[in-house]
Amino acid sequence: MSQQITKRSSELFTQAQKYIPGGVNSPVRAFRSVGATPRFIVKGRGNRIYDADGNEYIDFVSSWGPLIFGHASPNIINDVGAALKLGTSFGAPTEAETTLAKMIIDCVPSIEMLRLVNSGTEACMTAIRLARGFTGRDKILKFIGCYHGHADSLLVEAGSGLATFSTPSSKGVPQALANLTITAPYNDISYLEEIFRLAGPEIACVIVEPVAGNMGVVPPAPGFLEAIRTLTSQYGALFICDEVITGFRLGLTGAQGMYGISPDLTVLGKIIGGGLPLAAFGGRRDIMEHLSPLGDVYQAGTLSGNPLAVAAGISAIERLQKEKGLYGRINYVGSRWVEGLSKLAKEKGIPVTINSVGSMSTLFFTEGPVTDFASASKSDTQKYALYFRAMLEAGVYLAPSQFEAAFISAGFMLLDEIDDVLEIASKALDAVKEAK
Ligand SMILES: *Cc1c(COP(=O)(O)O)cnc(C)c1O
């Protein structure tokens, strides 16, 4: 393959940096951790994206999860187009919002009522406020390495011991707020039990990614989600399942259906917006009725339930319900990808761990096993950067960070294509090996 030309992307990045901090509107897009220049994208179709220099890439990012059908899905474009002709926002209720709410509620048994918002961040932030308002407690518990958006209470990292305070993971987050967020290692049931023994009656909620996607993919250990359910029930805390990634990716019932758990509140985003800005939180009716205007937990949004986003969401969920074979197909393609990659790494003697659930996976450059943030952090990010750059140069667009998931979309229709990508991956892994 000839050397890729990226002149236009580089120029656009230079321009962008003059007007936008770091040239991007979300930090990971800047490609800093992989030492590359971001590609400026002009269009997408199926599982392909095209940059400003005309390079074509096979896309494993899928806009970080939402695009389960791939780019420019015709049904979503049609339905959003039809909604667009009627106006872009009314600031008043529309029938379509009820339609979408009912569709989601019909799919996910633990959700009895829900509210639509604009981003996963907003949905998680409000779910936590609701849990605090409902329980009358201030403390919350999150797991190290799980991401729930960038609300203040959630941008914290572990302190130095079990009973110590968490510390803000961003400047600008008050220590006073971090003091209210308890952190625990993912998948560590006895640690969780110990925290509940110490502070159980003060905890408003536990929020968790039922399959972690934001430290790379880390599946829940057997009994982990069940332990959260048991402990929260026992101590009167709420169980918030953050299914912003896993909702409608691991099936119509999400991770909670897959693992057979029933949380009090669920947060959804990404896929339910069909590629437009939309997210939701919902759950038990008796809890949701504490939201304004019924109750005294405040939440609002100028563009909440936006008609274009709602049209995209309905379109996406309708297709997922109709196309029965879709999950089987993307999961099968996903397993072929993971098996192929695993075989290549083994043949070449490169120590890796590949975690996957359904159509989401992460190749960690560490012997593993990877079961939590500490073990994920053992990955050799230099090696990932080499691998990433070699893949990108050869036309495969992976997440520009070791600690993210690769997503298979329905845009991957041909298994031959996975074989082609595996051939590219073989060369990229050779580059990793040579660099040692
Ligand atoms: C992406 C994500 C969020 C935040 O959603 P935004 O729409 O980016 O604000 C929250 N939780 C999880 C699990 C996510 O993956």
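Counting starts at 1 for both ligands and their atoms, following the listed order. Numbers for residues simply follow the sequence, beginning at 1. Nothing here was measured: the structure is a model prediction, and the numbers come from that model.
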Would you find a donor on one side and an acceptor on the other, under 3.5 Å apart, between the side chain of Arg389 and the backbone of Ala36? no

Check: Phe90 main-chain N/O paired with Asn306 side-chain donor or acceptor under 3.5 Å: no

Any pair counted as salt bridge (charged side-chain N to carboxylate O under 4.0 Å, His left out), so long as it reaches residues 245-266, sequence neighbours left out: Arg229-Asp264, Asp264-Arg284

Using the rule side-chain contact (heavy atoms from CB on, under 4.5 Å), only one of His71, Arg45, Arg48 pairs with Asp59; which is it? His71

Could you tell me whether Glu202 and Lys139 have a side-chain N and a carboxylate O separated by less than 4.0 Å? yes

Between Phe365 and Tyr384, what is the ring plane arrangement, given parallel below 30°, perpendicular above 60°, and tilted in between? perpendicular

Would you mind writing out a table of all protein N or O atoms found under 3.5 Å from any N or O atom of ligand 1, naming both atoms and giving the distance to 0.1 Å?
from: ligand 1; atom 1: 5 (O); to: Gly120; atom 2: N; distance (Å): 3.4
from: ligand 1; atom 1: 7 (O); to: Gly120; atom 2: N; distance (Å): 2.8
from: ligand 1; atom 1: 9 (O); to: Gly120; atom 2: N; distance (Å): 3.4
from: ligand 1; atom 1: 9 (O); to: Thr121; atom 2: N; distance (Å): 2.8
from: ligand 1; atom 1: 9 (O); to: Thr121; atom 2: OG1; distance (Å): 2.7
from: ligand 1; atom 1: 11 (N); to: Tyr147; atom 2: O; distance (Å): 3.2
from: ligand 1; atom 1: 11 (N); to: Asp242; atom 2: OD1; distance (Å): 3.4
from: ligand 1; atom 1: 11 (N); to: Asp242; atom 2: OD2; distance (Å): 2.7
from: ligand 1; atom 1: 15 (O); to: Asn214; atom 2: ND2; distance (Å): 3.1
from: ligand 1; atom 1: 15 (O); to: Lys270; atom 2: NZ; distance (Å): 2.6

